[in-house]
There are 2 protein chains.
Amino acid sequence: MSDILAAHIRRFVGFTTEEAAMLNNYASTLVVKKKSLLLQEGQVCRHNYFVEKGCLRMFFTDEKGAEQTNQFAIENWWMTDYGSYTNGSPSQFYIQAVEHSSILAFSKSTERELFTALPVLDQYFRRILEKSFGATQWRIRYIFSQSKEERYWHFCSLYPDFIQRIPQYMLASYLGLTPEYVSEIRKKKS
Amino acid sequence: MSDILAAHIRRFVGFTTEEAAMLNNYASTLVVKKKSLLLQEGQVCRHNYFVEKGCLRMFFTDEKGAEQTNQFAIENWWMTDYGSYTNGSPSQFYIQAVEHSSILAFSKSTERELFTALPVLDQYFRRILEKSFGATQWRIRYIFSQSKEERYWHFCSLYPDFIQRIPQYMLASYLGLTPEYVSEIRKKKS
DNA sequence: CGGTCTCTTGACGGAGTTCAAAGCTAGTGG
DNA sequence: CCACTAGCTTTGAACTCCGTCAAGAGACCG
């Protein structure tokens, strides 16, 4: 296992080489290819995933069977269905690799032991979650204050590199608009 | 100061009476009346607020000057603008009392000291934030899978007591619809 | 190359907004 | 305790953004 995660942790808290070595014992590396599923609707989400390389997305299917993307996670992001993970209840979401990816999986079953062994992780995750939650506050702000067209162009300007990595229809569902309307928007501009 | 917060902490982690006493040293109790502002747009958010009694909301004003409610916090919820709080950047949000409320304020300036003195709080906040983040995942799910009418009735069925406590127009802006449309929906049903 | 995803186009319809004005309610001061 | 006023809610008509549907054009992968 590489030191990508340890490096990320050190951006938030002090973390020694010994601690990093201990952390390794709790992680499984998953090399997954495009489109493979790490979690399916109905399963209990028993892992917290860290993206070393590649990209994951979380999505669900609405009553018409259409896939709605909820979140993306690229390098150095964590992803799990917290509702299912913490309560042990069946998940209503899917987690899928958008690209060929390298993922670290931490199991819920050893979580207690892990945090006891490395209490500094409590602080690390507190910080990470604060950041994620802050990002979500902004996301909701944008959803409610921008038209769908504005939302699209705004996202493109914020993440010009990322939009190259994902198909149009996935971005559309993440932003809450239809692929057809994205086409129309793009045509208008040119 | 009452023991409302200590009781809440004990729902997630072990917490002694001595620890609770120590925690008290870091909290200021604010008794605020309806409509008073704890944070204004442009200010840096320097506090994390815990609602002992009453209700807070976070909102922003869109380019047309309309208020958009982002979040509510009732008894036993925390509220802050995490983006501003953690980065020290000016906030784009307001935090306002919806009702006459009793609030505990924890200052950013003593945060480091507080978490050093009571490391168990790292774990407590990690849990709280996991829960909040999970709730937000669900909120986004609902925003993208329900029509505005469904969203309204669904919220009413989930929080029948809460909707009694807030004016219609605040709920409307929280759900992303206009007060006029809420009227129309309600008329349709009866 | 062949087949399956993905993206584009255009016509149509409807959910939900906007605007303006009237009706209602609750809080405040006298 | 009442009356006044500011703020909240309702109504209705006009309008528009954006989804839906269906069909065709590319693009990518085996």
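Remember, it's a predicted structure, so these values are computed and weren't measured experimentally. Every chain is numbered from 1, with letters handed out A, B, ... down the list of sequences.
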*First-last contacting nucleotides on DNA chain C - partner chain A, under 4.0 angstrom, heavy atom*: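 Here the contact window of chain A covers C/dT6 to C/dG10.
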*Take nucleotides 17-30 of chain D nucleotide by nucleotide from the 5' end and write B, S or -, depending on whether a protein heavy atom sits under 4.0 Å from the base, only from the sugar-phosphate, or from neither.*
-SSBB---------
*asked:* Within the 4.5 Å heavy-atom criterion, are B/Lys53 and B/Glu75 side-chain neighbours or not?
replied: yes
*Measure the CE-CG distance between A/Met22 and A/Leu121 for me, rounded to the nearest 0.5 Å.*
10.5 Å
*Check: B/Tyr26/B/Glu113 side-chain N/O donor and acceptor closer than 3.5 Å*: yes
*Apply the test side chain to side chain contact (heavy atoms under 4.5 Å, CB included) to residues B/Lys131 and B/Phe12: give CA-CA distance (whole Å), side-chain angles for both, the deciding distance (0.1 Å), then the verdict.*
CA-CA 11 Å; B/Lys131 219 177 118 195; B/Phe12 295 88; 4.1 Å; yes
*asked:* Salt bridge check, B/Glu130 against A/Lys108: does any charged N sit closer than 4.0 Å to a carboxylate O?
replied: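 Between B/Glu130 and A/Lys108 there is no salt bridge, as every charged N stays at least 4.0 Å from the carboxylate O atoms.
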*Might you point out which heavy atoms bring A/Cys55 and A/Phe72 nearest each other, and give the distance in Å?*
SG-CD2, 4.3 Å
*Do you know which two heavy atoms are closest between A/Thr69 and A/Phe59, and how far apart they sit?*
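Closest approach of A/Thr69 to A/Phe59, heavy atoms only: CA-CB, 3.8 Å.
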